Amino acid sequence: MQFATATLSPPTLIYAPRKQLNFFNPRTPISLSEGRAAKGVAVKSGGQTQRHDLSLRAKTPTRLGARRKFISTTSAATSGGGDSVSELDDSARKLLQALLWTAEGVYIIWLFLLPYAPGDPVWAISSETINSLIGLSLNFFFVLPMSNSVGIHLIEAPVLHPMSEGLFNFVIGWTLMFAPLLYTDKRRERYKGSLDILWGFQMFLTNTFLIPYMAIRLNEADEETKTPRKISKLGSVMMKGAPVVGLVGGFVCLFSILWAVYGRNGNFGDLAQRWEFLVSYLGSERLAYAFVWDICLYVVFQTWLIGDNLQNVRKDKVGLVRFLRFVPVVGLTAYCLCLNADNES
């Protein structure tokens, strides 16, 4: 019996090379275009030339840069730092100027010309209002009332309600302290007029002249503004004597409050009666009504101007003044007391 035999041969492996995937071959020559205008590089691979964008101008950094600019602008406008509102971009600066000039127009038309606000407009002012204004001016900084109280009667002080006297002198004392701030303002050169005249009129007409200054100081700098003008004698006195100005102005404001509450003994009633008079006074006299506007605007302008000029303050007092600038009167008093006049000199 025979068996069939078979020959078994090992399987044959057939190797078929596959095309290599060439993601990036370091040996592949890369041709770079000369100059900064090149938008990519040419990569030769497999007989074909492909262009890859290796530009450094990516969209993401551009967007981040724009966002950083927006954040820095917003921070400058709200934080009151060294550059503060004055360094806003052009569109925001023009908008702010437009708002200030609009405020000036409203201030003049509403408080001086139109008959709708409490009291008489300028063109229909009564003799009673004129007499009251003269009396308040004679009692400027309480010089005459204090002189009469110690027996000096060269001129008799007009007897007015202490609330009206206190309000008048409070605003004038605050206005006095703006002088060192204006003369040391880093953007004062943009105002082409005389700061002496500006501040002099501000003492009598307050924000009628301060609002335009706040708008003009936002103008773009030119060659003329880059050259500092010679400081006037009044400006030099106000700068060097800033601590004295701050003490006098701060004391007058504080004394005005005390005078309004306790002045002239009990001849004008207790605190409740005086408060009742003040409410009636604000609602019937144009001058008193205007002082309310002045106080509100002074709060804004004091914070704004001090924030722009912290570099004028002694280095060890910058933090204190930066914090106090938000407090009416107190912030401006602190600026005057801590002013380093040598920087401006």
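The structure presented is a predicted model; accordingly, all values stated were derived computationally and were not measured.
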Listed by chain and number, what are the ring pair (Phe, Tyr, Trp, His ring centres under 6.0 Å) partners of [X], not counting sequence neighbours?
X: F204; answer: none
X: Y335; answer: none
X: F268; answer: H161

Keeping [X] on the side-chain end and [Y] on the backbone end, is there a donor-acceptor pair under 3.5 Å?
X: R274; Y: A260; value: yes
X: W174; Y: G249; value: no
X: Q97; Y: A215; value: yes
X: T303; Y: R325; value: yes
X: Q302; Y: V327; value: yes
X: N139; Y: V143; value: no
X: N219; Y: I216; value: yes

If you compare all heavy atoms of [X] against all heavy atoms of [Y], which two are closest, and at what distance to 0.1 Å?
X: Q273; Y: G269; answer: OE1-CA, 2.7 Å
X: G246; Y: C336; answer: CA-CB, 3.7 Å
X: N148; Y: A157; answer: OD1-N, 2.8 Å
X: R188; Y: R229; answer: O-NH2, 3.6 Å
X: P158; Y: E165; answer: O-OE2, 3.8 Å
X: D308; Y: K186; answer: O-CE, 3.3 Å

Contact check, side chains of [X] and [Y], non-hydrogen atoms, under 4.5 Å:
X: T333; Y: M177; result: yes
X: F255; Y: F141; result: no
X: Y281; Y: F291; result: no
X: D196; Y: Y183; result: yes
X: T208; Y: F201; result: no
X: W275; Y: V261; result: no
X: V159; Y: N267; result: no
X: L138; Y: I155; result: no

- Could you go through the side-chain contact (heavy atoms from CB on, under 4.5 Å) check for V244 and V248 one step at a time? CA-CA 6 Å; V244 177; V248 172; 4.2 Å; yes

- Query: Pick from F168, F170, F142: which one makes a ring-ring contact (aromatic ring centres under 6.0 Å, His included) with W259?
  - Reply: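 Only match with W259 under ring-ring contact (aromatic ring centres under 6.0 Å, His included): F142.
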
Cluster question for you: counting only ILVMFWY and a side-chain heavy-atom cut-off of under 4.5 Å, with indirect links fine, are [X] and [Y] together?
X: V330; Y: I295; answer: no
X: L160; Y: I257; answer: yes
X: L254; Y: V252; answer: no
X: M163; Y: L133; answer: yes
X: F301; Y: F323; answer: no

- Message: Parallel, tilted or perpendicular, judged at 30° and 60°: which one describes the rings of W293 and Y107?
- Response: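 Answer is perpendicular, since the angle exceeds 60°.
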
- Item | Remaining members of hydrophobic cluster (4.5 Å side-chain criterion), L247 |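 Same cluster as L247: L337.
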
- If you measure from the Lys or Arg side-chain nitrogens to the Asp or Glu carboxylate oxygens, is any gap between D185 and R217 under 4.0 Å? yes

- Residues in side chain to side chain contact (heavy atoms under 4.5 Å, CB included) contact with T175, at least two apart in sequence or another chain: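 Side chain to side chain contact (heavy atoms under 4.5 Å, CB included) list for T175, sorted by chain: V171, Q202, M203, T206, Y298.
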
Can you tell me how far apart [atom1] ([X]) and [atom2] ([Y]) are? Round to the nearest 0.5 Å.
X: L339; Y: I306; atom1: CG; atom2: CD1; value: 10.5 Å
X: L310; Y: K317; atom1: CG; atom2: NZ; value: 14.5 Å
X: L99; Y: K94; atom1: CG; atom2: NZ; value: 14.5 Å
X: W304; Y: L181; atom1: CH2; atom2: CG; value: 12.5 Å
X: I197; Y: S232; atom1: CD1; atom2: OG; value: 10.0 Å
X: R187; Y: L218; atom1: CZ; atom2: CG; value: 6.0 Å

- Task: Would you check, one step at a time, whether the test side-chain contact (heavy atoms from CB on, under 4.5 Å) holds for L282 with V292?
- Result: CA-CA 8 Å; L282 296 176; V292 176; 3.7 Å; yes

- Item | Test item: side-chain donor near acceptor, N207 and Y213, under 3.5 Å | no

- CD of E276: more than 12 outside heavy atoms within 6.0 angstrom? no

- Task: Might you confirm whether atom CD1 of I130 has over 12 heavy atoms from other residues, nucleotides or ligands at distances under 6.0 Å?
- Result: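 Buried by this count: over 12 neighbours within 6.0 Å.
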
- Query: Which one of T129, D120, L136, I125 satisfies the side-chain contact (heavy atoms from CB on, under 4.5 Å) criterion with L287?
  - Reply: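 Between L287 and the candidates, side-chain contact (heavy atoms from CB on, under 4.5 Å) is satisfied uniquely by L136.
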
- Please walk me through it: do R322 and V313 pass side-chain contact (heavy atoms from CB on, under 4.5 Å)? CA-CA 10 Å; R322 179 185 287 114; V313 178; over 6 Å; no

- Sort and list the pairs that fulfil salt bridge (Lys or Arg N to Asp or Glu O under 4.0 Å) and have at least one residue in residues 128-149, not counting sequence neighbours. none

